[in-house]
Visitor: 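Have a look at this one before I ask anything.
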Amino acid sequence: FYGALDKFLTELAEKTFKPANCMTVAEIDVPEKDLQNYVGENGYFSMVFDFSIADLDIYHQKPFTTAPITGEKLKPVFIKSQLDTQRVGWGAPYLENHDQPRSLNKFIPKEAIDSISAKMLATFLLTQRGTPFIYQGQEIGMTNCPMTLEEHNDLHVAKLYEWGKNLGYSDEQMMAYFNDRSRDNSRTPFQWNNKNNAGFTVGKPWLKINPNYKKINAEQQRQDKTSLFAYYQQLITLRRHSEISDILIYGIFTPLTAPDNVIAFKRTHQEKSVNIYCNFSQEEKVLSVSIEHLYLHNSPIVTNKQGDLVLQPYQAVIFS
C-alpha cells in the first residue's frame, strides 16, 4: 500500500505542485520515520500539520473523560515534535482547528482563562519553528460554547451519545465531555460585535452563538490597544517586520532548561538568538537569566532582590 501511495504522491508533487511553485500543507499525522518522505528536501509537500499535541487531553483516557494538559505534559511532546521536524524539513504548528475545541479551554484551567493566559498561548504558537496557523476566533479569544444535546450539530456527537448511552454512561458525564471536547465548540459563528447574533447574520445561524459574544467580539478588541487581537498583531509584526524576524522565521529551535510547567526555548539564526519563556502555571517561577533586550511580554516584568526574573502566572517573555 505504501509503495502505491509513494508513487502517487511523488507524481502529484513532480507534475503539479513543483511546476506551479505551490505552497502545500498536508493534513496528516505523519510518524517521525516518514517525515523525510513528506517534508524532506524532496518531500511530497512544503509542510505538514503538527498533530502531536492535539489530543493530549484525551490520550490514554477512559471514554468521556479528559485530563488537564499541564506544561509538564506538554513540554516533552512539543520539544520532540519541533526537533523531529527540524531535522528533515518544515512544520505547520497550530492550537485550534475545525476539529478541535477552543485552545483556551484545552490548555488553560477554566478559572485562569483571561487576556494574560490567552496572550501566553499566542506567544507559544507564534514563536515556534514552522509556519504557524491561527484559526478564526482564536485571535480574539473565543471559547467553548455550552450546548444542550439538541443544540449540537456534529454527527460525531450524536453517534458518541448513542454509543455511551448503550454502555451505561450518564447524560451528565457525556454532556460535560461534549462541552469540553465537541468539535462544535470551534464551529460556532464568529463574534463580530455585541449586536444581535454577534453581527454574524440577520437570519438564523446554523449553530448557537456563544453567550459571551457581548464581551468577546472583534469590534471591541479592535478598539482596545491592550486586547488579545492587538497582541496577535504585535507578535505577527515581530515575526515578519522586526530586527528579529529572520530569527523567528528561520532560526534553529533549541530547548532550554526551565522550571516545572515552564516551556522555554531558543531560536538562533546567523549567531543571533532570542529566548522564549512561557509559564503554563498559576505559580510564579524564578529564572536566573539576564535580559539584554526585551522584545515582548504579556504582563509587567518583575525581578527579585537578586535581579532574577520572576515569571508571573501565565506570563510569556521574548528577549535576547
Side-chain angles (χ1 to χ4, degrees), residues 54 57 69 93-127 132-154 157 175-176 178-241 278 280 282 296-300 313-316:
D57 55 332
I69 301 179
Y94 70 94
L95 296 179
E96 291 184 18
N97 67 17
H98 62 288
D99 283 331
Q100 293 285 325
R102 291 293 180 177
S103 58
L104 278 173
N105 296 91
K106 191 196 302 190
F107 294 97
I108 307 296
K110 187 176 295 185
E111 68 276 10
I113 294 176
D114 60 15
S115 178
I116 292 174
S117 56
K119 290 174 181 177
M120 185 277 292
L121 277 185
T123 308
F124 172 66
L125 174 64
L126 286 170
T127 53
F133 280 70
I134 302 168
Y135 181 70
Q136 60 91 12
Q138 181 180 341
E139 76 279 21
I140 62 170
M142 284 179 63
T143 60
N144 286 354
C145 178
M147 298 185 193
T148 65
L149 185 64
E150 293 71 29
E151 288 171 329
H152 279 281
N153 189 276
D154 185 5
V157 166
M175 290 312 303
F178 295 144
N179 281 325
D180 281 343
R181 237 3 196 98
S182 164
R183 299 186 296 186
D184 282 340
N185 281 307
S186 60
R187 300 177 180 185
T188 58
F190 186 81
Q191 294 161 210
W192 289 104
N193 55 42
N194 63 4
K195 298 180 174 60
N196 189 44
N197 288 331
F200 184 81
T201 179
V202 294
K204 183 180 179 181
W206 77 299
L207 269 180
K208 176 182 178 179
I209 304 286
N210 195 316
N212 64 14
Y213 75 91
K214 292 189 176 182
K215 291 185 177 180
I216 300 174
N217 63 74
E219 184 176 74
Q220 179 270 329
Q221 295 222 4
R222 291 181 69 180
Q223 296 171 358
D224 181 0
K225 293 182 179 180
T226 66
S227 70
L228 176 62
F229 178 76
Y231 190 80
Y232 266 99
Q233 290 181 308
Q234 288 178 277
L235 276 167
I236 292 169
T237 299
L238 198 63
R239 189 176 174 104
R240 297 191 60 204
H241 306 293
C278 296
F280 277 79
Q282 301 180 56
L296 194 61
H297 53 98
N298 63 337
S299 60
Y314 296 102
Q315 187 171 40

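Keep in mind that this is a model prediction, so the values were computed, not measured.
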Visitor: Lys214: what forms a salt bridge (Lys or Arg N to Asp or Glu O under 4.0 Å) with it, not counting sequence neighbours?
Guide: none

Visitor: Show, in sequence, the C-alpha distance, side-chain angles and deciding distance for Asn212 and Thr143, and conclude whether the side-chain hydrogen bond (donor to acceptor under 3.5 Å, both in side chains) test is met.
Guide: CA-CA 9 Å; Asn212 64 14; Thr143 60; 2.9 Å; yes

Visitor: Taking the side chain as every heavy atom from C-beta outward, state whether Asn105 and Ile113 have any pair of such atoms under 4.5 Å apart.
Guide: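 Touching, per the 4.5 Å side-chain cut-off.
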
Visitor: Can you list the steps and then say if Ser186 with Gln100 is a side-chain hydrogen bond (donor to acceptor under 3.5 Å, both in side chains)?
Guide: CA-CA 7 Å; Ser186 60; Gln100 293 285 325; over 6 Å; no

Visitor: With distance as the sole test, does Asp184 use its side chain to make a donor-acceptor pair with the main-chain N or O of Asp154 at under 3.5 Å?
Guide: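 Confirmed, Asp184 side chain pairs with Asp154 backbone.
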
Visitor: Let's go through Ile134 and Ile236 carefully: what are the C-alpha distance in whole Å and the side-chain angles of both, what is the deciding distance for side chain to side chain contact (heavy atoms under 4.5 Å, CB included) to 0.1 Å, and is it a yes or a no?
Guide: CA-CA 11 Å; Ile134 302 168; Ile236 292 169; 4.3 Å; yes

Visitor: Could you tell me the separation between the CD atom of Gln282 and the CD1 atom of Ile108, rounded to the nearest 0.5 Å?
Guide: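 One gets 9.0 Å once the value is rounded to the nearest 0.5 Å.
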
Visitor: Going by heavy atoms in the side chains, are Met175 and His152 under 4.5 Å from each other?
Guide: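 Touching, per the 4.5 Å side-chain cut-off.
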
Visitor: I'd like to know if the side chain of Asn179 and the backbone of Pro146 have a donor-acceptor N/O pair within less than 3.5 Å.
Guide: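 Not at all, since once roles are kept as given, no pair shorter than 3.5 Å links the two residues.
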
Visitor: Of the non-hydrogen atoms in Asp57 and Lys106, which two are nearest, and what is the gap between them?
Guide: OD2-CG, 3.8 Å

Visitor: So how far is it from Ile69 CD1 to Phe107 CZ, rounded to the nearest 0.5 Å?
Guide: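 These two atoms lie 4.5 Å from each other.
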
Visitor: Can you give me the closest heavy-atom contact between Leu95 and Leu125, atom names plus distance?
Guide: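 Minimum heavy-atom separation between Leu95 and Leu125: CD1-CB, 4.0 Å.
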
Visitor: Are Arg187 and Asp99 close enough, and set up right, to give a side chain to side chain contact (heavy atoms under 4.5 Å, CB included), and what steps lead you there?
Guide: CA-CA 9 Å; Arg187 300 177 180 185; Asp99 283 331; 2.9 Å; yes

Visitor: What pair of heavy atoms forms the shortest contact from Pro189 to Pro205, and how long is it?
Guide: CG-CB, 3.7 Å

Visitor: Is there a donor-acceptor contact under 3.5 Å from the side chain of Glu139 to the main chain of Gly137?
Guide: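 It does hold such a pair.
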
Visitor: Working to the nearest 0.5 angstrom, can you tell me the gap between Tyr213 OH and Asn196 CG?
Guide: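 Tyr213 atom OH to Asn196 atom CG measures 6.0 Å (nearest 0.5 Å).
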
Visitor: Determine the minimum heavy-atom distance between Asn298 and Tyr314, stating which atoms define it.
Guide: ND2-O, 2.9 Å

Visitor: Can you name the closest pair of heavy atoms from Met142 and Phe190 and give their distance?
Guide: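 Taking every non-hydrogen atom into account, SD-CD1, 4.0 Å.
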
Visitor: Can you see whether Thr123 engages Tyr231 through a side-chain donor-acceptor pair at a distance of less than 3.5 angstrom?
Guide: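 A pair is found: one side chain offers a donor N or O, the other an acceptor, under 3.5 Å apart.
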
Visitor: Answer whether the closest heavy-atom distance between the side chains of Cys145 and Glu151 falls below 4.5 Å.
Guide: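 Contact flag for Cys145/Glu151 side chains = no.
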
Visitor: Side-chain contact, heavy-atom cut-off 4.5 Å: Gln315 with Ile116?
Guide: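 The answer is no, as the side chains (C-beta and beyond) never meet within the 4.5 Å cut-off.
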
Visitor: Could you check whether any side-chain N or O of Asn197 sits under 3.5 Å from a backbone N or O of Lys204, counting only pairs where one atom can act as donor and the other as acceptor?
Guide: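 Not at all, since once roles are kept as given, no pair shorter than 3.5 Å links the two residues.
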
Visitor: So which heavy atom on Leu126 is nearest to which on Leu235, and how close?
Guide: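 For Leu126 versus Leu235, the nearest heavy atoms are CD1-CB, 3.7 Å.
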
Visitor: Looking only at the side chains, is there a donor atom on one of Ser182 and Asn185 sitting less than 3.5 Å from an acceptor on the other?
Guide: no

Visitor: Once side-chain hydrogen bond (donor to acceptor under 3.5 Å, both in side chains) is applied, what residue pairs with a partner in residues 215-228 remain, sequence neighbours excluded?
Guide: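 Qualifying pairs: Asp224-Thr226.
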
Visitor: Taking the six-membered ring for Trp, are the ring centroids of Phe124 and Phe280 within less than 6.0 Å of each other?
Guide: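 Yes.
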
Visitor: Is there a donor-acceptor contact under 3.5 Å from the side chain of Glu96 to the main chain of Ser103?
Guide: yes

Visitor: Nearest 0.5 Å, what's the CG-NZ distance between Leu121 and Lys119?
Guide: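 Rounded to the nearest 0.5 Å, the CG-NZ separation comes to 13.0 Å.
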
Visitor: Without swapping roles, check the side chain of Gln138 against the backbone of Arg102 for a donor-acceptor pair under 3.5 Å.
Guide: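 No, the answer is negative, given that no donor and acceptor are paired below the 3.5 Å cut-off.
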
